[in-house]
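What follows is a single structure, written as structure tokens, with notes after it.
A quick note: this is a predicted structure, and the numbers were derived from the prediction, not measured. Residues: numbered from 1 along the sequence shown.
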Amino acid sequence: MSDKEQTLSIIKPDAVERNLDNEIKEIFKNNGFQIVKEKKIQIEKSEAEKFYNVHQTKPFYNDLCAYLSSGPIVVMVLEKENAVLANRELMGATNPNDAQEGTIRKKYGISIDKNSVHGSDSLENAKIEINFFFKD
Ligand code: CDP
Ligand code: MG
């Protein structure tokens with residue numbers, strides 16, 4: 001038994017810059033995700049710092065926030081049964097070099113930092129992240 005869930009997905013600047021956003025959205029749809037909300041935006045570094053605050057003690061935090069705010073991104077709410085885990089599986093490992101064949105990061109990721117997509121890592125964080133981008 002499984003329930004429909006929502007998760008937050010971001011197509012990161014490296015992928016939007018290469019005009020891969022429509023192709024990546026098709027992959028989500030072909031894998032049974034419904035894109036229930038989406039917007040293309042560019043965020044301030046201060047907003048990226050809030051979004052990634054769980055990583056504030058990490059050595060890569062500053063570069064990560066600079067990067068996420070460096071260009072347009074596509075932010076989406078994806079819906080499917082077990083969406084959080086299903087999206088993490090479809091994305092693949094954080095480092096594209098470690099990602100399985102058929103995953104988005106394997107196909108499009110350039111490096112561990114330019115890994116093309118973000119996905120919430122738990123249902124609890126999905127709710128927080130969806131609310132962060134889509135307060136209504
Ligand atoms: O995105 P994911 O949940 O797979 O990984 P994370 O551990 O939550 O890290 C967030 C993001 O930080 C990653 O997607 C990478 O873009 C970046 N990162 C990095 O630049 N260098 C690392 N050593 C680890 C993560
Ligand atoms: Mg994460």
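- Sorted by first and then second residue, the ring-ring contact (aromatic ring centres under 6.0 Å, His included) pairs with a member in residues 14-48 read Phe28-Phe33; sequence neighbours excluded.
- By the ring pair (Phe, Tyr, Trp, His ring centres under 6.0 Å) test, Phe132 is found to be paired with Phe51, residues two or more places apart in sequence or in another chain being considered.
- Annotation: side-chain hydrogen bond (donor to acceptor under 3.5 Å, both in side chains) contacts of Asn53 (sequence neighbours excluded): none.
- Note on residues 56-95: pairs passing ring-ring contact (aromatic ring centres under 6.0 Å, His included), not counting sequence neighbours, are His55-Phe60.
- Under the side chain to side chain contact (heavy atoms under 4.5 Å, CB included) criterion, Ile43 pairs with Ile41, Glu47, Ala48, Leu68, Ser69, Ile73, Phe133, sequence neighbours left out.
- Residue pairs meeting the ring-ring contact (aromatic ring centres under 6.0 Å, His included) criterion with at least one member in residues 68-107: none, sequence neighbours excluded.
- Applying the side chain to side chain contact (heavy atoms under 4.5 Å, CB included) criterion to Ile35, with sequence neighbours excluded, gives Lys25, Lys29, Glu38, Met76, Leu78.
- Take Lys37 and apply the salt bridge (Lys or Arg N to Asp or Glu O under 4.0 Å) test, not counting sequence neighbours, and it matches Asp136.
- Remark: Glu49 pairs with Lys45 by the salt bridge (Lys or Arg N to Asp or Glu O under 4.0 Å) rule, at least two apart or across chains.
- Counting only residues at least two apart or on different chains, no salt bridge (charged side-chain N to carboxylate O under 4.0 Å, His left out) pair has a member in residues 114-124.
- Remark: Lys107 engages no residue in a salt bridge (Lys or Arg N to Asp or Glu O under 4.0 Å) (not counting sequence neighbours).
- Considering only residues two or more places apart in sequence or on other chains, Lys127 meets the salt bridge (Lys or Arg N to Asp or Glu O under 4.0 Å) condition with none of them.
- Counting only distance, with no hydrogens or angles, the side chain of Asn115 and the backbone of Ile112 share a donor-acceptor pair below 3.5 Å.
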